[in-house]
Amino acid sequence: MAPAGEGADWSWGEHEMDYILLVKVAGGGEHLGVVPNAEEVDAVKWVGRGQLKQMMREDSGLQWSPWFRIIEKEFLGRWWDDLDKALTSEAYVDGKIHTIL
């Protein structure tokens, strides 16, 4: 059983590698087929940027990993703003493993 506490008092931690895959699907309404690992993923949904922002609101009732919330806040906006460049160049590849706290 994990000890109680959080923040600086929390004695447990998690280290994982998270990947963000960017895809631009040609044509309106087309979708890329995804077969997620049911032990890791509850649901998959294709959304636009505005819809994602609404879904991530604290009052949405949806649960998100803390890691994705940080990735969305720190990185995803820049990639989405310049999606063609993000998909066709190394412009956003910095070769680093980022520590996200």
Side-chain angles (χ1 to χ4, degrees):
M1 180 169 216
E6 58 184 55
D9 297 328
W10 189 247
S11 61
W12 291 75
E14 181 177 356
H15 299 278
E16 64 181 61
M17 189 76 69
D18 291 312
Y19 297 90
I20 301 294
L21 305 176
L22 303 176
V23 177
K24 185 175 182 179
V25 180
E30 289 186 40
H31 293 110
L32 179 68
V34 176
V35 182
N37 179 338
E39 293 180 17
E40 294 284 337
V41 178
D42 272 346
V44 174
K45 181 176 183 173
W46 296 98
V47 299
R49 189 174 191 175
Q51 188 176 7
L52 178 63
K53 286 280 190 198
Q54 289 297 316
M55 292 170 66
M56 293 190 72
R57 289 176 38 154
E58 293 292 333
D59 63 355
S60 73
L62 298 172
Q63 295 181 338
W64 301 86
S65 72
W67 319 122
F68 187 76
R69 285 192 178 277
I70 294 168
I71 290 168
E72 188 278 330
K73 180 181 176 190
E74 299 293 327
F75 300 100
L76 193 54
R78 286 182 286 146
W79 301 335
W80 212 320
D81 284 342
D82 200 4
L83 186 58
D84 288 329
K85 189 173 184 178
L87 292 171
T88 60
S89 76
E90 300 275 324
Y92 296 99
V93 177
D94 62 14
K96 299 177 185 175
I97 296 175
H98 294 265
T99 301
I100 299 176
L101 303 174

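These numbers come from a predicted model, not from an experiment.
The heavy-atom pair separating W80 from R49 by the smallest distance is CZ2-N, 3.1 Å. For the residue pair Y92 and R78, the shortest heavy atom distance occurs at OH-O, 3.9 Å.
To the nearest 0.5 Å, atom CG of residue D82 and atom OG1 of residue T88 are 8.5 Å apart.
Applying the ring pair (Phe, Tyr, Trp, His ring centres under 6.0 Å) criterion to F75, with sequence neighbours excluded, gives W79, H98. Residues passing the side chain to side chain donor-acceptor pair (under 3.5 Å) test with K45: none are found, sequence neighbours excluded.
Hydrophobic clustering, with ILVMFWY side chains joined whenever heavy atoms are under 4.5 angstrom apart, keeps W46 apart from V35. A continuous path of hydrophobic side-chain contacts links V47 to L62 [ILVMFWY only; heavy atoms under 4.5 Å]. Cluster membership for V41 and V23, using ILVMFWY side-chain heavy atoms within less than 4.5 angstrom, is shared.
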Just list the side-chain donor-acceptor pairs under 3.5 Å for residues 50-57, sequence neighbours left out, or say none.
unit_1: K53; atom_1: NZ; unit_2: E72; atom_2: OE2; d: 2.8
unit_1: R57; atom_1: NE; unit_2: D59; atom_2: OD1; d: 3.0
unit_1: R57; atom_1: NH2; unit_2: D59; atom_2: OD1; d: 3.2
unit_1: R57; atom_1: NH2; unit_2: D59; atom_2: OD2; d: 2.6

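The number of heavy atoms from other shown groups lying within 6.0 Å of CG (D81) is above 12.
Using a 4.5 Å cut-off on side-chain heavy atoms (C-beta onward), L22 and L76 make contact.
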